[in-house]
Amino acid sequence: MSDRSNMIARQFGIVFQIPEYLRPILESKGHVLPRYNGDESFELPIPATFVVDRDGKIVYAFVDADYTKRLDPIEIVSILRNIPTVSKS
């Protein structure tokens with residue numbers, strides 16, 4: 001999913017503001033956030049995985065501020081296999 005300007009991430013409450021003192025350091029390494037974000041917010045989303053059922057309900061959420069921690073793909077597949085396939089609608 002692409003979420004330019006972090007509009008969706010902001011709705012989930014998983015966005016943080018890069019402090020002013022870190023911005024020049026990021027830019028010196030080629031990470032010019034306004035170019036990537038499409039705005040001047042200097043925001044980054046916290047990495048997250050959401051599993052959503054057919055009715056649009058979040059049935060599993062994994063969020064960790066440590067960007068090196070991600071949900072294991074095997075666990076994601078296991079979660080997906082346990083979602084009922086019949087919609088309540």
Side-chain angles (χ1 to χ4, degrees):
M1 178 178 105
S2 176
D3 184 21
R4 199 165 174 150
S5 299
N6 294 306
M7 291 171 41
I8 307 267
R10 201 173 297 109
Q11 290 177 23
F12 282 100
I14 58 170
V15 175
F16 68 97
Q17 188 83 17
I18 299 297
E20 190 79 37
Y21 71 92
L22 289 178
R23 295 174 188 180
I25 297 166
L26 287 172
E27 289 179 350
S28 73
K29 297 184 181 294
H31 303 296
V32 185
L33 292 182
R35 185 178 338 146
Y36 300 122
N37 289 344
D39 59 28
E40 297 296 318
S41 66
F42 282 92
E43 294 176 335
L44 284 175
I46 296 172
T49 301
F50 295 97
V51 178
V52 181
D53 70 11
R54 292 178 185 246
D55 294 323
K57 178 182 173 189
I58 296 173
V59 295
Y60 190 88
F62 178 87
V63 180
D64 195 317
D66 180 349
Y67 71 92
T68 66
K69 295 181 183 175
R70 305 291 175 107
L71 190 59
D72 187 285
I74 293 171
E75 190 172 349
I76 295 170
V77 170
S78 176
I79 294 163
L80 291 170
R81 285 185 175 149
N82 288 303
I83 296 175
T85 57
V86 178
S87 176
K88 296 176 187 174
S89 316

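Note that the structure is predicted; figures quoted are calculated from it, not measured. Sequence positions, counted from 1, serve as the residue numbers for this chain.
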| remark: Rounded to the nearest 0.5 angstrom, the CZ-OG1 distance for Arg70 and Thr49 is 7.5 Å
| task | Could you pull out the closest heavy-atom pair between Glu43 and Asn37, with the gap in Å? | result | O-ND2, 2.9 Å
| query | Are Leu80 and Tyr60 joined in one hydrophobic group, where the rule is that I, L, V, M, F, W and Y side chains link up if heavy atoms are under 4.5 Å apart? | reply | yes
| said: Tell me whether Tyr21 at atom OH has more than 12 heavy atoms from other residues, nucleotides or ligands lying less than 6.0 Å away. | reply: no
| request: Please name the pair of heavy atoms, one in Ala48 and one in Ile14, separated by the smallest distance, quoted to 0.1 Å. | output: CB-CD1, 3.8 Å
| query | With hydrophobic residues grouped by side-chain heavy-atom distances under 4.5 Å, do Phe50 and Val59 end up in a single group? | reply | no
| message | Rounded to the nearest 0.5 Å, what separates atom CG in Asp39 from atom CZ in Arg4? | response | 8.5 Å
| note | Taken to the nearest 0.5 Å, the spacing of Asp53 CG from Ile83 CD1 works out to 6.5 Å
| query | Has Ile74 got more than 12 heavy atoms of other residues, nucleotides or ligands less than 6.0 Å from its CD1? | reply | no
| Heavy-atom closest pair, residues Phe62 and Lys69 | CE2-O, 3.7 Å
| field | Smallest separation among heavy atoms of Ile46 and Ala65, with atom names | value | CG2-CA, 3.7 Å
| message | Taking Val52 as the starting point, is it possible to reach Ile8 by hopping between hydrophobic residues whose side chains are less than 4.5 Å apart? | response | yes
| request: Would you mind reporting whether Phe12 and Ile58 have side-chain heavy atoms less than 4.5 Å apart? | output: yes
| query | About how many Å separate OH of Tyr67 and CG of Leu44, when rounded to the nearest 0.5 Å? | reply | 11.5 Å
| If only atom types and distance count, is the side chain of Glu40 paired as donor or acceptor with the main-chain N or O of Pro34 below 3.5 Å? | no
| said: Let me check something: do Leu22 and Phe16 share a hydrophobic cluster, defined by ILVMFWY side-chain heavy atoms less than 4.5 Å apart, either directly or through other members? | reply: yes
| Heavy-atom closest contact (Pro45 atom, Asn6 atom, distance) | CD-OD1, 3.4 Å
| query | Rounded to the nearest 0.5 Å, how far apart are CG of Asp3 and CZ of Arg10? | reply | 8.0 Å
